[in-house]
Amino acid sequence: MVFSLIRRRASAPAGAACPYAAASAVPAPASAPAAGREPERVDRRQAEEFVRQFHEETPGSGDADARVRRVRAEIARTGTYEHTPEELAFGAKVAWRNAARCIGRLYWSSLVVRDLRGVSSADGIAAACAEHLRAAGNDGRIRPVLTVFAPDRPGRPAPRIVNDQLVRYAGHRTDAGRWVGDPRAAATTALARELGWKREEEPFQVLPLMVRERPDARPEWYELPDGAVREVPLRHPEHAWFAGLGLRWYAVPAISDMVLEIGGVRYPAAPFNGWYMGTEIGARNLADADRYDLLPLVAERLGLDRSSERTLWRDRALVELNVAVLHSFQEDGVTMADHHTESERFLKHIARERRHGRPTPADWSWIVPPLSGAATPVFHRYYDPVDPDLRPAFVPRQA
């Protein structure tokens, strides 16, 4: 199915503000490749290690030595090589399995991989990203999906998606100094405005998708079409006033600024999603002081005593905010995990990986939930150390 996207171009003055410049106290999206810096040749050792891993873990995949010889020859001739569809799908799944900051890795083998390596135009990428959101949304039954676009090649860097997520709410500071929307998106919002996008004074306004066909090219921007972005209005099971706050959040968290690296080949545009754990929204996105900062408002509406930190008004407001998030997604039939259940599932994942003789690297500070951490089983243990060189992997976009 083809989805129409509205494409608008607007001339920008020379020296337009860099979209990746950090705003005060606001994290900026990952940096774009420096203009003129070109991808290097694929490391033959990394390619060989991946091919042998694929054959070792994929019974019936053929002669590993013969495949290694073909890969060596292709690298010698072109500086890179092309993954088979099976290698690509395997590599993407293992990259998720290796993601040390993800608590949801029990489901790594169920990842749906959309092979769109032949798509390299901004128009094609934008249309495919809208389709990704529809496929992943799946009428509320969220599916883990990864869409892979063209890889970097020696001397030919591939397109990049500027946005850090396919869906993100805009954020900007008014002339009076008040934040409207999500401060996390300040730099991306500023870039969209430079390109001609018109923001509104609305706290949950979806940003356009922005795509660079080359690292040094000016991005093209696209409004996501109707039906691509599902949002859940937030309400509370006991407090009717909560719905009147007008809060909502999008259903599919699709990361789009990480590089998928498989066997030395880098895919700089490879958006992927799982589903939300409630605390990501209720304890971070809506609660953090440098995000939507809603704890004071929720505490006020609950009638909590805020005269002292010892009343634990923040903690009580935080719990009710998370109750509202979980309740709303459940009522709307949209997949969401709670932090207690997901913690138990992560320990099952560790046990399963151990039976296969594989370590499970994990970053404790990311695995432990930001709400009631000590009440979950992932708090009370150590994990295998994080190996920054472990591949396949999703890596920050540095070049």
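Keep in mind it's a predicted model, so treat the numbers as computed, not measured.
Residues S120 and A150 share a closest heavy-atom pair of CB-CB, 4.2 Å. Taking each heavy atom of L302 and A317 in turn, the nearest pair found is CD1-CA, 4.1 Å. Of all non-hydrogen atoms in R306 and P296, the two that sit nearest each other are NH1-CB, 3.5 Å. Heavy atoms only, all atoms of each residue included: P369 and V378 are closest at CD-CG2, 3.8 Å. Pairing each heavy atom of I281 with each of F329, the nearest pair is CD1-CZ, 3.8 Å. When all heavy atoms of H83 and I262 are compared, the closest pair comes out as CE1-O, 3.1 Å.
Between L234 and L286 the shortest side-chain heavy-atom distance falls below 4.5 Å. Looking only at side-chain heavy atoms (C-beta outward), M210 and I161 stay at 4.5 Å or farther from each other. Side-chain contact between I103 and H349 is absent, with no heavy atoms from C-beta onward closer than 4.5 Å. Two residues are said to be in side-chain contact when any heavy atoms from C-beta on lie closer than 4.5 Å; P183 and D290 fail this criterion.
Expressed to the nearest 0.5 Å, how far CG of N163 lies from CD1 of I255 amounts to 11.5 Å. Between atom OH of residue Y250 and atom CG of residue L166 there is a gap of 9.5 Å, rounded to the nearest 0.5 Å. To the nearest 0.5 Å, atoms CZ (R114) and CG (L146) are separated by 9.5 Å.
The distance between the ring centers of Y81 and F50 does not fall below 6.0 angstrom. In this structure, W96 has its ring center at least 6.0 angstrom away from the ring center of F394. The six-membered or imidazole ring of W275 lies near that of Y107, with a centre-to-centre distance under 6.0 Å. Aromatic rings from W249 and Y169 are positioned such that their centres are separated by under 6.0 Å.
Checking side-chain atoms of Y267 against main-chain N and O of V148 turns up no donor-acceptor pair under 3.5 Å. At least one donor-acceptor pair under 3.5 Å links the side chain of T311 to the backbone N or O of S308. At distances below 3.5 Å, not a single donor-acceptor pair connects side-chain atoms of R397 with backbone N or O atoms of M258. Distance alone, capped at 3.5 Å, is enough to place a donor-acceptor pair between the R248 side chain and the F204 backbone. Counting only distance, with no hydrogens or angles, the side chain of T335 and the backbone of G140 share a donor-acceptor pair below 3.5 Å. The backbone N or O of Q46 sits less than 3.5 Å from a side-chain atom of D43, completing a donor-acceptor pair. Judged by distance alone, the side chain of R52 and the main-chain N or O of A64 form no donor-acceptor pair under 3.5 Å. In terms of modelled atom types and a separation under 3.5 Å, the side chain of N285 and the main chain of Y292 share no donor-acceptor contact.
Linking ILVMFWY side-chain heavy atoms closer than 4.5 Å, directly or via other members, places V42 and V68 in a single hydrophobic cluster. Residues L390 and V259 are members of separate hydrophobic clusters, defined by side-chain heavy-atom contacts under 4.5 angstrom among Ile, Leu, Val, Met, Phe, Trp and Tyr. Residues I142 and M277 are members of separate hydrophobic clusters, defined by side-chain heavy-atom contacts under 4.5 angstrom among Ile, Leu, Val, Met, Phe, Trp and Tyr. Both L297 and L321 belong to a common hydrophobic cluster when Ile, Leu, Val, Met, Phe, Trp and Tyr are linked at side-chain heavy-atom distances under 4.5 angstrom. Y276 and V145 are not part of a single hydrophobic cluster, where members link through side-chain heavy atoms under 4.5 Å apart.
Between R105 and E353 there is no salt bridge, since no side-chain nitrogen of the basic residue lies less than 4.0 Å from a carboxylate oxygen of the acidic one. Under a 4.0 Å N-O distance rule, the pair R45/E48 does not qualify as a salt bridge. Between D115 and R117 there is a salt bridge, since a side-chain N of the basic residue sits under 4.0 Å from a carboxylate O of the acidic one. For the pair D332 and R235, the salt-bridge criterion is met [side-chain N within less than 4.0 Å of a carboxylate O]. Contact check on E213 versus R218 returns no salt bridge, with no Lys/Arg side-chain nitrogen under 4.0 Å from an Asp/Glu carboxylate oxygen. The pair D257-R168 fails the salt-bridge criterion, with no side-chain N (NZ, NE, NH1 or NH2) lying under 4.0 Å from an Asp/Glu carboxylate O. With respect to E87 and R70, no salt bridge is recorded, no charged nitrogen being found less than 4.0 Å from a carboxylate O.
Side-chain N/O atoms of D123 and Y222 include a donor and acceptor closer than 3.5 Å. Using modelled atom types and a 3.5 Å distance limit, the side chains of E57 and Q53 yield a donor-acceptor pair. A donor and an acceptor atom, one from each side chain of S61 and H55, are located under 3.5 Å apart. At a cut-off of 3.5 Å, with distance as the only test, no side-chain donor of H339 or T279 sits close to an acceptor on the other residue.
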Requested in this report: Test salt bridge (charged side-chain N to carboxylate O under 4.0 Å, His left out) on E342 and R345 and set out the steps.
Outcome: CA-CA 5 Å; E342 208 60 63; R345 289 172 177 168; 3.7 Å; yes
Query raised in the report: How far apart are the C-alpha atoms of D182 and R184, what are their side-chain angles, what is the distance that settles it, and do they pass the salt bridge (charged side-chain N to carboxylate O under 4.0 Å, His left out) test?
Result: CA-CA 5 Å; D182 189 353; R184 174 66 181 83; over 6 Å; no
Report task. Go through the steps to decide whether R358 and E56 satisfy the test salt bridge (charged side-chain N to carboxylate O under 4.0 Å, His left out), and finish with yes or no. Result -> CA-CA 13 Å; R358 295 190 292 254; E56 180 181 345; over 6 Å; no
Query - Test ring pair (Phe, Tyr, Trp, His ring centres under 6.0 Å) applied to W364 and F379, step by step - result: CA-CA 8 Å; W364 189 94; F379 180 93; 5.3 Å; yes
Query raised in the report: Could you go step by step and tell me if R160 and D152 meet the salt bridge (charged side-chain N to carboxylate O under 4.0 Å, His left out) rule?
Result: CA-CA 10 Å; R160 271 77 169 149; D152 281 339; 2.8 Å; yes
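Within 6.0 Å of atom CZ in R67, more than 12 heavy atoms from other residues, nucleotides or ligands are found, so the atom counts as buried in its surroundings.
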